[in-house]
2 protein chains.
Amino acid sequence: MAGTKARALTKEQAQLIARALADPRRVEILKQIGSCDCVACGNVRECQPISAATLSHHLKELETAGLIEITREGKFARLALRRDTLEAYRSYLADI
Amino acid sequence: MAGTKARALTKEQAQLIARALADPRRVEILKQIGSCDCVACGNVRECQPISAATLSHHLKELETAGLIEITREGKFARLALRRDTLEAYRSYLADI
DNA sequence: TCATCAATTCGACATGCATCGAAATGTCAA
DNA sequence: TTGACATTTCGATGCATGTCGAATTGATGA
């Protein structure tokens, strides 16, 4: 169908996403990133009681899963939710 | 909307489901249960190279998450996929 | 250049969890 | 009752991972 551009996920991709979503803190981070744009690591840390090291680790997991995109801008990291990946995972679940 | 009866999940429920889906073996089991009805533990074991103890553990996790229903019939356990829960989780993800 | 700040990497630790074999429980048929 | 079979529980083991502090990298401004 034209318009529904959710590509199919491989099992490996789906598993990466599932693992990423299995940690409640990462889901909270995802929600925050999705709620507005122009999010930097510091913004997330203001709302989550975790160390910078831990946050960095979580962000890498989310990026590896394809759930967020991290673009570096000078000192800061701009975080953006990748809704296409989330949508693809929803389709994957629908096929169960 | 009448017809879309997916109840909203609490964070705790969503997390149980996410954790249950984070193990690839459990996803395979879910797919098998969903593909046909009248599934017993033995049927699953024929397709999954795991011990009975491990399978029982996974089934309990899936049941706790609300993703399957286990009804005992004599010696056997009848396993059924709960698509309503899966659908509720898909809605949860859509709200991120 | 130097100090400062954002973010990452490193090393270590504690907890969680998938897995198994063995023992237990429960059910059916002879 | 007894034996065979399906499933569960128990206890142990090994690996994965969330977490942190400390050290590092990288960029900006004084």
Side-chain angles (χ1 to χ4, degrees), chain A residues 11-33 36-82, chain B residues 11-33 36-82:
Chain A
K11 264 176 204 175
E12 290 72 26
Q13 289 175 316
Q15 210 216 116
L16 273 178
I17 296 169
R19 281 212 178 289
L21 294 174
D23 186 293
R25 186 143 283 143
R26 282 196 285 260
V27 175
E28 288 304 311
I29 294 171
L30 269 190
K31 285 184 181 175
Q32 188 179 355
I33 295 178
C36 67
D37 29 39
C38 212
V39 186
C41 291
N43 300 122
V44 178
R45 281 195 67 198
E46 289 164 11
C47 303
Q48 299 282 333
I50 54 178
S51 74
T54 302
L55 174 60
S56 188
H57 163 68
H58 284 320
L59 291 178
K60 182 181 265 185
E61 295 280 314
L62 289 170
E63 189 186 29
T64 300
L67 284 168
I68 65 172
E69 190 177 17
I70 307 182
T71 55
R72 242 146 288 269
E73 303 202 349
K75 289 208 283 192
F76 300 92
R78 174 186 292 265
L79 311 173
L81 177 60
R82 291 193 52 184
Chain B
K11 263 176 204 176
E12 291 71 26
Q13 290 173 315
Q15 209 216 115
L16 273 178
I17 296 169
R19 280 214 177 286
L21 293 173
D23 187 294
R25 186 143 284 144
R26 282 197 285 260
V27 176
E28 288 304 311
I29 294 172
L30 269 190
K31 284 184 182 176
Q32 188 180 354
I33 295 179
C36 68
D37 30 39
C38 212
V39 185
C41 290
N43 301 121
V44 178
R45 282 195 67 197
E46 288 164 11
C47 303
Q48 299 284 331
I50 54 179
S51 73
T54 301
L55 174 60
S56 188
H57 163 69
H58 284 320
L59 291 178
K60 182 182 264 186
E61 296 280 314
L62 289 171
E63 189 187 29
T64 300
L67 285 167
I68 65 171
E69 190 176 18
I70 307 182
T71 55
R72 240 146 290 267
E73 303 202 348
K75 291 207 282 191
F76 301 92
R78 174 186 292 266
L79 311 173
L81 176 61
R82 291 193 51 184

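Hydrogens, waters and symmetry mates play no part in the numbers below; they use all other heavy atoms, side chains included.
- Applying the 4.0 Å criterion to OP1 and OP2 of D:dT7, one finds that B:Arg45 has every side-chain N and O outside that range.
- To the nearest 0.5 Å, atoms CD1 (A:Ile68) and CG (A:Leu59) are separated by 4.5 Å.
- The side chain of A:His58 contributes an N or O atom lying less than 4.0 Å from OP1 or OP2 of D:dT19.
- At the phosphate of C:dT19, neither OP1 nor OP2 sits under 4.0 Å from any side-chain N or O atom of B:Ser51.
- Here A:Ala52 lies in heavy-atom contact (under 4.0 Å) with a base.
- Nearest-nucleotide mapping onto DNA chain C: of A:Ala40 and B:Glu73, the residue sitting toward the 5' end is A:Ala40.
- B:Ala53 comes within 4.0 angstrom of a base, heavy atoms only.
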Checklist entry - Taking it one step at a time, do A:Arg25 and A:Gln48 satisfy side chain to side chain contact (heavy atoms under 4.5 Å, CB included)? => result CA-CA 8 Å; A:Arg25 186 143 283 143; A:Gln48 299 282 333; 3.5 Å; yes
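- Taking only side-chain nitrogens and oxygens, A:Arg26 comes nearer than 4.0 Å to OP1 or OP2 of D:dG18.
- The side chain of A:Arg72 places no N or O atom within less than 4.0 Å of a non-bridging phosphate oxygen (OP1 or OP2) of D:dA27.
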Checklist entry - Please walk me through it: do B:Ile29 and B:Leu55 pass side chain to side chain contact (heavy atoms under 4.5 Å, CB included)? => result CA-CA 9 Å; B:Ile29 294 172; B:Leu55 174 60; 3.8 Å; yes
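- Base contact: A:His57 has a heavy atom under 4.0 Å from a base atom.
- Considering only side-chain N and O atoms, B:Ser56 lies under 4.0 angstrom from the phosphate OP1 or OP2 of D:dT8.
- Residue B:Lys75 has no polar side-chain atom (N or O) positioned under 4.0 Å from OP1 or OP2 of C:dT25.
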